[in-house]
Visitor: 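Could you have a look at this structure, given as structure tokens, before my questions?
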Amino acid sequence: MPQRRWAGLAAQLAGRSVEGALWPAQLLRPLGGGQCGCLSSSSSSSSSGGAGPGAGPGTPPAPPAPEAQSLDRREASKFAALADSWWDAAGGPFAPLHALNAARCAFLRRGVCALRGLRRDGAEPFAGLRVLDVGCGGGLLSEPVARLGGEVTGIDVSDEGVAAAAAHAAGDPLLARRISYRRATLEALVAEGASFDVVMASEVIEHVRRPAGFLASLAAAAAPGGQVLVTTLNRTPASYALAIVGAEYVARVVPAGTHSWSRFITPQELGMMAADAGLRLELLAGMAMRPGGRFALTDDVGVNYAALFSKPAAAAAAHAAGGAGGAAGAGRQRGGGAPPPPVTAASLLQEAETLQQRAERKSGADGLMAFEAAATKFRAALDAGLDATSRPDAAFGLGECLQLWADLLLQLTHQAPDAELTAERAAAAQARAVALYADSVRAYEQVPAPGGPEGALRPDAAVNCANALTSWAELAAGAEQRALLQQAVGLYRAALQQEEDALTLSNLGDALVAAGEAALAAGDGAAGQAAFQAALGSYEASCSLTDSSAGDDLPGLLHNWGVGLHTIAKQAQACELRHSLLEQAAAKLRSSAEFSRADPAPHNALGDVLMDAAELSLALAGAGGFGGAAPLGSEAAERAAALVQQAVDGGYAAALTICRTNADALVRRGGRRRAGGPPASSGGQPARAQLPRSRTPSRRARPPQVGLAEAGVAMAKLARRRGDEAAAARHAAAAAAHYGSALQRPHLLGAAGERVDVRYNAACAAALAGRPDLAQPLLAGLAAAGALVACEAAGDEDLAALRGEAWFGALLQQQQHGQEQPAG
């Protein structure tokens with residue numbers, strides 16, 4: 001099944017960040033300048049409660065006035081001096097913000113429409129929504145949001161910025177009616193009791209001195225059930241190199257000193273601060289500049305990223321008791337006088353949601369326990385008698401926890417050290433994961449579509465349920481597998497009937513490819529071909545629906561399409577058809593790599609396609625495969641060698657160049673995902689958006705070191721068939737070295753069966769290279785594990801050089817004797 005991209009909340013907040021990711025400077029023109037970074041809280045982030053100036057010993061500091069809380073005069077002066085340049089989109093200091101607008105508007109539109117059940121394709125989807133733009137500067141974000149129908153209030157502490165924003169909007173009667181600008185601090189607005197449906201703080205929080213308090217004030221300004229948008233910069237080596245050194249001192253696209261790297265905020269830190277403020281993280285995405293100068297939404301949060309939070313209606317009243325300032329710990333019981341609040345179904349749901357947020361920030365065994373605790377709490381909330389409006393959200397949260405629990409369990413099993421990856425452990429993990437996926441499906445089935453026909457699921461629940469079914473199918477076989485995939489395909493299609501979405505179409509294509517493989521395995525050729533044909537149509541529709549200028553992930557969808565084509569090509573019986581499909585797959589993957597040059601996954605998959613194309617070229621020439629015995633003409637040999645070299649140069653080696661130190665990052669995880677979300681729940685409460693989710697796919701793309709090793713073996717066999725023993729030995733030695741590098745980190749090679757394959761192939765490469773000393777421990781280890789089949793090894797021509805070795809004969813004899821013994 002094709003590997004899928006993912007940018008899931010569970011992964012982004014559980015330590016799988018792209019810290020240190022190497023994005024080419026020509027592709028990422030980093031964001032320069034805050035939208036207006038002159039709003040901040042009073043004290044430094046490192047001193048969250050010290051006495052203010054003039055406070056005597058033992059005297060509590062007087063609370064600062066709203067203006068003093070929000071105003072950082074040094075930051076305000078930076079942007080006031082640049083006020084005349086706000087609308088210079090070509091070469092001014094705020095040009096990067098103009099380039100960012102399409103991506104952040106696409107992110108906001110997608111998330112808000114999903115959470116509120118609004119039509120995303122409508123001309124004015126935000127009609128009737130009250131929107132607050134905090135740190136509005138010259139109004140760069142206020143204006144496009146107003147054009148989406150929002151009634152926008154833009155606030156800034158810079159008189160010059162507010163004047164520039166008002167003057168620009170005055171030239172358009174529509175904007176003049178819908179936007180109101182004023183000089184004010186966020187805290188002052190909150191003190192007035194103002195409340196908004198959507199609160200935005202774009203490129204502001206990295207300029208404040210106390211981001212936790214600032215985020216809590218954003219939460220206080222949001223109405224119950226409202227959304228809060230934050231865009232900012234991650235604190236990584238990549239952001240320092242690009243946003244500080246590159247943008248301010250090399251390219252000089254923004255004035256030097258605009259940013260302070262120490263004030264950048266990681267997604268983990270932002271998520272924890274938001275949780276303390278009573279907010280729930282709904283969507284998270286990176287923003288990266290693409291060729292042509294526009295930012296697009298991406299999986300990589302290593303430099304710029306956007307986060308959308310919601311303020312749960314059920315939790316709003318409880319959190320408000322902590323005060324609008326929102327300091328960490330606000331609303332907790334103080335002293336010993338007040339009794340704890342009574343346990344209710346609503347409080348259990350709130351606690352379950354908090355536990356889920358914490359689980360999504362954990363990894364390893366801690367993550368497993370955290371998801372189990374959250375699932376237990378969701379069940380308790382459902383059993384306690386939630387009202388009809390809250391039950392769907394609780395069931396959805398339960399389904400998510402169970403699904404992510406199963407995903408993490410399988411991931412940890414596949415990554416276990418060799419000594420711990422026993423057959424018993426693998427079987428137990430698989431059985432447990434199957435049970436969890438089945439429970440998650442039952443939970444999602446309790447999330448009906450508001451106003452829909454009987455049995456219809458809310459779109460986000462339908463997609464997540466289909467994801468769980470497809471993951472479950474990868475652990476099943478035969479008729480059960482086909483039934484699960486058929487149900488998943490039906491759910492994807494049902495979700496698409498309610499809301500057309502590019503990523504859901506891509507997920508549907510993946511499921512159809514798996515269904516086609518299962519049908520062929522069952523001998524149902526007609527059903528298999530029909531599924532493959534439908535999958536290709538789904539991939540094509542997915543990419544045609546995508547608008548990369550609006551922030552959609554076209555490179556990821558092209559990658560999915562290419563891997564899907566490759567999978568179908570492997571099933572094609574006719575060589576000509578297989579050749580055509582491989583050519584199409586290579587074209588899609590090259591396009592994906594061109595669009596996203598910093599992503600190693602398209603290169604890695606391209607290497608796999610070109611290796612298959614090279615072997616197919618030999619078959620078309622009547623020369624068999626790489627190790628065939630048929631005569632090999634020079635033209636066929638040169639054509640195959642050229643394709644293998646392309647697999648190395650444009651595939652595996654290119655992937656390693658992008659991310660040499662992290663082989664695991666080169667394998668695209670199977671993130672079946674949906675960028676859209678649910679409509680509003682039947683009770684009018686905003687439903688939680690379905691988030692991108694990670695999962696461990698059934699087929700991992702070859703780690704690049706393994707791909708390089710297999711390419712070396714292929715080149716060695718081609719050279720040997722041409723009679724060039726020196727070249728054959730050189731290529732075989734290189735292959736053995738690449739296998740050795742891959743085997744240094746066996747936990748990255750996948751499940752037990754995949755590790756066995758790599759070790760056996762490494763032994764073959766060592767034999768071809770004339771290194772029996774390297775082959776012996778590998779084969780002995782496989783024999784000790786019961787993974788060496790004596791008759792197959794004895795007849796394997798790749799091991800022919802070992803037949804004169806006494807230890808090899810003894811090993812085969814011992815294995816053959818053991819395998820002939822009757823069981824028991």
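Throughout, numbering of the chain's residues begins at 1 and tracks the sequence. The structure displayed is predicted, hence computed values, not measured ones.
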Visitor: Restricting to pairs with a member in residues 715-724, which pass side chain to side chain donor-acceptor pair (under 3.5 Å), not counting sequence neighbours?
Guide: Lys717-Asp798, Arg720-Glu725
Visitor: Can you name the residues that form a side-chain contact (heavy atoms from CB on, under 4.5 Å) with Arg639, not counting sequence neighbours?
Guide: Ser617, Ala621, Glu635, Ala636
Visitor: Considering residues at least two apart in sequence or located in another chain, which fulfil the salt bridge (charged side-chain N to carboxylate O under 4.0 Å, His left out) criterion with Arg109?
Guide: none
Visitor: Hey, is CD on Gln584 packed in by over 12 heavy atoms from elsewhere, all under 6.0 Å?
Guide: yes
Visitor: Checking Ala534 now: which residues fulfil side-chain contact (heavy atoms from CB on, under 4.5 Å) with it, not counting sequence neighbours?
Guide: Arg493, Leu512
Visitor: Measure the CZ-CG distance between Arg759 and Leu743 for me, rounded to the nearest 0.5 Å.
Guide: 5.5 Å
Visitor: For Asp757, enumerate each residue passing the side chain to side chain donor-acceptor pair (under 3.5 Å) test, keeping only those at least two apart in sequence or located in another chain.
Guide: none
Visitor: How long is the span from the CD atom in Gln497 to the OH atom in Tyr492, to the nearest 0.5 Å?
Guide: 15.5 Å
Visitor: Check whether any side-chain heavy atom of Leu308 lies under 4.5 Å from a side-chain heavy atom of Leu284, and answer yes or no.
Guide: no
Visitor: Got a sec, which residues hit side chain to side chain donor-acceptor pair (under 3.5 Å) with Gln646, two or more places apart in sequence or on another chain?
Guide: Arg590
Visitor: Applying salt bridge (charged side-chain N to carboxylate O under 4.0 Å, His left out), name anything that partners Arg578, two or more places apart in sequence or on another chain.
Guide: none
Visitor: Sequence neighbours excluded, which residues qualify as side-chain contact (heavy atoms from CB on, under 4.5 Å) partners of Gln481?
Guide: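 With sequence neighbours excluded, Gln481 shows a side-chain contact (heavy atoms from CB on, under 4.5 Å) to Ala473, Ala476, Leu485, Ala518, given in chain and number order.
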Visitor: Run the numbers on Leu557 and Tyr539 for side chain to side chain contact (heavy atoms under 4.5 Å, CB included), then give the verdict.
Guide: CA-CA 8 Å; Leu557 298 177; Tyr539 288 130; over 6 Å; no
Visitor: Compare every heavy atom of Ile658 with every heavy atom of His603, then report the nearest pair and how far apart it is.
Guide: CD2-CD1, 3.5 Å
Visitor: Output all residues satisfying side chain to side chain donor-acceptor pair (under 3.5 Å) with Glu797, sequence neighbours left out; order by chain, then residue number.
Guide: Arg803
Visitor: Could you tell me which residues satisfy side-chain contact (heavy atoms from CB on, under 4.5 Å) with Ala574, sequence neighbours excluded, listed by chain and number?
Guide: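 If we apply the side-chain contact (heavy atoms from CB on, under 4.5 Å) test to Ala574, skipping adjacent residues, the hits are Glu576, Leu577.
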Visitor: Check side chain to side chain donor-acceptor pair (under 3.5 Å) between Glu583 and all other residues, then give those that pass, not counting sequence neighbours.
Guide: His579
